[in-house]
Protein chains: 2
Amino acid sequence: MKPTIYDIAKEAGVSIATVSHVINGKGKISKERREEIRRIMARMGYKPSMIASALTSKKTYALGLLVPDISNPFFAEIARAVEDEGQRYGYSVFICSTDNNDEKVERYAALLQQKKVDGVIIGTGMKEPSALEPLLRNGVPTVFLAREFPSVRVPTVVVNDYAGGAAAAQHLIELGHRRLGVLAEQDSISSSRERVRGFRQTAEAAGIWLDPALIISSGIKEGKVKALELLQRENRPTAIFCCNDLLAIGALQAAKGTGLSIPYDCSIVGFDDTVLASVTDPPLTTVAQPIEQMGQTVVQLLLRHIGQPGEPPERIVLPPVLSIRQSSSEPACDKR
Amino acid sequence: MKPTIYDIAKEAGVSIATVSHVINGKGKISKERREEIRRIMARMGYKPSMIASALTSKKTYALGLLVPDISNPFFAEIARAVEDEGQRYGYSVFICSTDNNDEKVERYAALLQQKKVDGVIIGTGMKEPSALEPLLRNGVPTVFLAREFPSVRVPTVVVNDYAGGAAAAQHLIELGHRRLGVLAEQDSISSSRERVRGFRQTAEAAGIWLDPALIISSGIKEGKVKALELLQRENRPTAIFCCNDLLAIGALQAAKGTGLSIPYDCSIVGFDDTVLASVTDPPLTTVAQPIEQMGQTVVQLLLRHIGQPGEPPERIVLPPVLSIRQSSSEPACDKR
DNA sequence: CTGAAAGCGCTTACAG
DNA sequence: CTGAAAGCGCTTACAG
């Protein structure tokens, strides 16, 4: 059978406390004993059970990561960054795809609490933050990533979505666009609301009124259909700002489907700058989120929060950067 | 403090054994007692600690998923399927990105063993399967997904990579191509070897000799550079078969970079059919893997294996399907 | 520098 | 139908 700490202790002729001490580098053990015990552990292929140690020490070295969908490239890239940064500090991560569905959020929240994870990163939207109750009630250290619920006071890492939306508007306005459409995410998603707000205010500051009929919310699946609606308006927009790259791709496809040429007939700007943005036709102008930095920062923030739960929650804002490719140009230009 | 099973037992005036029984639906408990206890658990917000139960029952309800990179869309989609299917049976999944690096594989293998996961899915390549020793030596139920190591006898789910490579060759030959190039993955990846083998044998059966100079291995990062090498050969291929979509995209970009037009000047066929394939310019002809089915099947296989460890290892082969889009056409045709 | 002992929060024979 | 008790494999004061 697999050896336990008892087997090692017996083999070494010491108590399990001593073995535990050398495992954890605690207490004072004479150098010889320590190395002797190390050798025995290696020889017997002994690795301490993290389940047993978790039961006493209250540390599982596991984190939960809630995202809408791990197969969405943006969140897959976030997950990789979180995994790597967690790994640096000895933490593993459970993936939890919620589809932005409150029930799934709540189920995962309860599950992670039962699994006694050391902390949870919430990168998913939801209608009611009460879905997080199982976590918050039980004092599981929790941080938000790229999402905010002002009613919940937890540490947060966001990108400046407002500034991102503003940058998109600025770019389009400078190109000469005046009739602007928006393809937003569901209204329950705070980051999307902020992006639209930044876009709108910047447009209005430039004297451009956003026609409410040209602002449409859409789930990722219906992006193409919703974009089609926009493009078939009698007075269709000359540019569309999409709140994520997947929606922008839907718009790209809808445009091609109706025989429009991008950016000639309509400029399209996305958000996120996932791997997708560089492979589309044409490559997508998009507001880049600093994905790797977000993942690293949120893990560090969470670990700090685990270490000192009392502190007032930090809020870290990361800047987005407009990445200009070929899906945007002057309206009805002929630069093809 | 958070209630434990003792608090519930005390409140209900029963023993902890009885509470445990109602939690697990075991033993015979009178209906009234059971419901009384249920009510108390709900009222006190009690959820059993899975750490404590794991220590006795030996079931953690956690699985490990080793992939090269969770941010690679193919594996992200696999992960989602695995997560969902695991969830159906009460399992959570740890993500483990290995970069196909033996050291990382071994580190994760040891870690997952220490975390006492109930099973592990290996969807990553590696040079030496001995990197899996920490798992195999300790009898952690393990299955392979889309990878094979004949020397290791574990249950496996693969797609018929040979047939996939063959289908790609067939398609290109039927279009009239005679000078074929291949962009393969590292040689340590069995699935890639099989794809190339199927491609080559089908070509040879049609009397077409593959020039070894036109078969290049490439990591994902260098795909573009390696594709460029192919395209700059004096006698460049009229078609390139790429062993995954990411490589195909590299080839697409390399071709565009050198002023070639796809598929006019060169046809490109990928493998995987991730979300990427439908957004490229032109959309990618690619060999589709049944990703969702792969994820579901491998989880079921693993759970069966956990249930009856003694059985001889099953090997399940899923069929790929060629998905024809616009990156392939007759050589030097002018269908644009 | 080292060990005896209690305890983490459960499950599981076993006895009644 | 229900409970007393042992045990899972560790960590952690505490004593010496």
Side-chain angles (χ1 to χ4, degrees), chain A residues 1-38 40-41 44-62 90 111 113-118 138-140, chain B residues 1-38 40-41 44-62 90 111 113-118 138-140:
Chain A
M1 278 311 302
K2 260 173 285 182
T4 69
I5 197 170
Y6 291 96
D7 300 312
I8 304 301
K10 181 176 294 177
E11 185 73 14
V14 301
S15 75
I16 60 165
T18 302
V19 178
S20 176
H21 282 148
V22 351
I23 293 170
N24 299 296
K26 289 188 177 173
K28 315 269 100 183
I29 314 280
S30 68
K31 183 161 271 173
E32 310 97 57
R33 251 205 208 310
R34 192 175 345 119
E35 306 213 314
E36 163 76 353
I37 292 175
R38 284 247 171 75
I40 293 177
M41 295 197 295
M44 301 184 68
Y46 170 74
K47 296 277 182 180
S49 158
M50 294 184 72
I51 294 295
S53 79
L55 186 57
T56 23
S57 74
K58 306 297 165 202
K59 295 269 308 175
T60 55
Y61 289 98
L111 188 64
Q113 189 278 118
Q114 286 196 66
K115 289 206 183 264
K116 304 299 173 194
V117 296
D118 294 335
N138 290 289
V140 181
Chain B
M1 278 313 301
K2 259 174 287 180
T4 70
I5 197 171
Y6 291 97
D7 301 312
I8 305 300
K10 181 177 293 177
E11 184 74 15
V14 300
S15 74
I16 60 166
T18 301
V19 177
S20 176
H21 282 147
V22 351
I23 292 169
N24 299 296
K26 288 189 177 171
K28 315 270 97 180
I29 313 279
S30 68
K31 182 160 271 171
E32 309 97 56
R33 247 201 209 314
R34 192 172 349 118
E35 307 214 315
E36 163 75 354
I37 292 175
R38 285 247 171 75
I40 293 176
M41 294 197 296
M44 300 182 69
Y46 170 73
K47 296 275 183 183
S49 159
M50 294 184 73
I51 293 295
S53 79
L55 186 57
T56 23
S57 73
K58 305 298 164 200
K59 296 267 309 173
T60 54
Y61 288 97
L111 188 64
Q113 190 277 118
Q114 286 196 67
K115 290 207 182 262
K116 304 299 172 194
V117 297
D118 294 334
N138 290 290
V140 181

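Proteins come first, then strands; the chains are lettered A, B, ... in the order of their sequence lines, and each starts at number 1. None of the values given here were measured: they were computed from a predicted structure.
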Engineer: If you define the side chain from C-beta out and look only at heavy atoms, does anything of Y46(A) sit under 4.5 Å from I23(A)?
Structural biologist: yes
Engineer: Give, for atom CD of E11(B) and atom CE of M44(B), the distance between the pair rounded to the nearest 0.5 Å.
Structural biologist: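 Going from CD on E11(B) over to CE on M44(B), the span is 5.5 Å.
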Engineer: I'd like to know if Y6(A) reaches the base of dC8(D) with its side chain, counting only an N/O donor and acceptor under 3.5 Å.
Structural biologist: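 There is none.
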Engineer: Tell me the interatomic distance from K58(A), atom NZ, to dC8(C), atom C1', rounded to whole angstroms.
Structural biologist: 5 Å
Engineer: Would you mind classifying the nucleic acid contact of I16(A) as base, sugar-phosphate or nothing, using non-hydrogen atoms under 4.0 angstrom?
Structural biologist: base
Engineer: To the closest 0.5 Å, what do you measure between NZ (K10(B)) and OG1 (T4(B))?
Structural biologist: 9.0 Å
Engineer: Pairing check on dT2(C): which nucleotide meets the Watson-Crick or G-U wobble criteria with it, both distances under 3.5 Å?
Structural biologist: dA15(D)
Engineer: Are any of K26(B)'s side-chain N or O atoms less than 4.0 Å away from OP1 or OP2 of dT12(C)?
Structural biologist: yes
Engineer: Return the value, rounded to whole Å, for the distance between atom NE2 of H21(A) and atom C1' of dG3(C).
Structural biologist: 10 Å
Engineer: Between R33(A) and dC1(C), is there a contact of a side-chain N or O with OP1 or OP2 at under 4.0 Å?
Structural biologist: no
Engineer: Using 0.5 Å steps for rounding, measure from the NZ atom of K47(B) to the CG atom of L111(A).
Structural biologist: 9.5 Å
Engineer: Of the nucleotides dG3(D), dG9(C), dG9(D), which has the atom closest to the T56(A) side chain?
Structural biologist: dG9(D)
Engineer: Is there a side-chain contact between S20(B) and the phosphate of dT11(C), meaning an N or O under 4.0 Å from OP1 or OP2?
Structural biologist: yes
Engineer: Could you tell me the separation between the NZ atom of K59(A) and the P atom of dC10(D), rounded to a whole number of Å?
Structural biologist: 19 Å
Engineer: D7(A) has an atom CG; how far is it from atom C1' of dG9(D), in whole Å?
Structural biologist: 11 Å
Engineer: Counting only side-chain N and O atoms of S15(A), is one of them less than 4.0 Å from OP1 or OP2 of dT2(C)?
Structural biologist: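 For dT2(C), neither OP1 nor OP2 has a side-chain N or O of S15(A) closer than 4.0 Å.
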Engineer: Taking the nucleotide of DNA chain C with the closest heavy atom to each, which residue, G13(A) or T4(B), is nearer the 5' end?
Structural biologist: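 Closest to the 5' end, via its nearest nucleotide, is G13(A).
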Engineer: May I ask you to verify if any side-chain N or O of S30(A) is less than 4.0 angstrom from the OP1 or OP2 atom of dT2(C)?
Structural biologist: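 Looking at the OP1 and OP2 atoms of dT2(C), one of them is under 4.0 Å from a side-chain N or O of S30(A).
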Engineer: Tell me the interatomic distance from M50(B), atom CE, to dT11(C), atom P, rounded to whole angstroms.
Structural biologist: 10 Å
Engineer: For the pair made of CG in N24(A) and C1' in dT12(D), what is the distance, rounded to whole Å?
Structural biologist: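 After rounding, the reported distance stands at 10 Å.
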Engineer: Does K59(A) have more than 12 heavy atoms from other residues, nucleotides or ligands lying within 6.0 Å of its NZ?
Structural biologist: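 Yes, NZ of K59(A) has more than 12 neighbouring heavy atoms, counting only those of other groups under 6.0 Å.
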Engineer: If I take atom NZ in residue K2(B) and atom P in nucleotide dG9(C), what distance separates them, rounded to the nearest angstrom?
Structural biologist: 9 Å
Engineer: How many whole angstroms separate atom CZ of R34(A) from atom P of dC1(C)?
Structural biologist: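 From R34(A) CZ to dC1(C) P: 9 Å.
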